[in-house]
Amino acid sequence: MQIFIDTADTEALAALIPTGMVDGVTTNPSLIAKSGRKIADAITEICAMVDGPVSAEAVATDYEGMLAEGRFLRELAPNVVVKLPLTENGLRACRTLSEEGTPVNVTLCFSATQALLAAKSGAAFISPFIGRLDDNGADGMELIREIRTIYDNYGYDTQILAASARTALHVKDAALVGADCATIPPTVFKAMYRHVLTDVGLQAFLDDWAKTGQSIL
Ligand code: G3P
């Protein structure tokens with residue numbers, strides 16, 4: 001499973017890169033706003049930090065505007081993925097940009113039929129928002145399951161990018177139901193490897209080792 005970091009905070013990202021487990025990055029207009037940076041500067045810097053796909057979201061809502069912004073964002077770096085919302089214009093622009101060779105991440109997906117249409121429009125990634133569905137009393141993971149089945153039934157190669165993942169449990173469940181990738185905030189990345197029993201166990205081993213008076217080297 002590919003792990004993407006959902007952030008425009010380059011400092012937080014830089015701290016995770018040495019782990020070798022960051023496969024890509026996703027951003028959205030809210031995350032860019034939070035960073036206080038110009039989108040072109042933030043995306044260019046992030047693209048230089050990671051080899052994998054970096055999603056940069058267009059904010060135009062009309063077809064021509066989406067194309068213009070998508071083409072601009074695509075030019076920022078070879079690993080830019082243009083993110084477009086799941087609207088009629090977004091799907092139409094997804095097809096055009098995909099045909100031009102630009103990978104598109106279709107975002108704000110909340111239903112299986114939306115995901116089906118994104119795949120038909122040539123999307124490289126579909127981003128179902130599992131956390132926001134859970135927030136609204138629905139079952140985000142069930143949506144991932146449905147999309148997996150539909151894509152497998154018809155051989156669509158659009159990658160399922162579990163988005164709005166808020167907990168390590170979300171990542172585990174998304175992996176169990178076959179999502180190709182999950183995008184998570186840096187805090188969730190850390191929560192994936194931290195475990196109290198690991199810490200307690202390590203401390204006990206170190207205490208016992210100290211009693212031996214040995215050193216390995
Ligand atoms: O980038 C899209 C998504 O991951 C947003 O997550 O937590 O704002 O619902 P959240």
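Atoms within each ligand, like the ligands themselves, are counted from 1 in listed order.
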Evaluate the criterion side-chain contact (heavy atoms from CB on, under 4.5 Å) for residue pair T107 and F129; output intermediate values, then yes/no. CA-CA 8 Å; T107 188; F129 275 34; 3.3 Å; yes

Set of residues that line ligand 1, where lining means a heavy atom lies under 4.0 Å from it: D6, N28, K83, F129, R132, A163, S164, R166

In terms of heavy-atom contacts, L108 and L86 come closest through O-CB, 4.0 Å

Can you give me every donor-acceptor pair (side chain of residues 110-122, partner residue at least two apart or in another chain, under 3.5 Å) with its distance?
from, atom 1, to, atom 2, distance (Å)
S111, OG, T113, OG1, 3.2
S111, OG, Q114, N, 3.2
Q114, OE1, F110, N, 2.6
Q114, OE1, S111, N, 3.1
S121, OG, L117, O, 2.8

Any M49 side-chain heavy atom under 4.5 Å of T10 side chain: yes

Can you tell me how the ring of F189 sits relative to the ring of Y193, calling it parallel under 30°, perpendicular over 60° and tilted otherwise? perpendicular

Compute whether any side-chain donor of one residue and acceptor of the other, for Y63 and T96, lie under 3.5 angstrom apart. yes

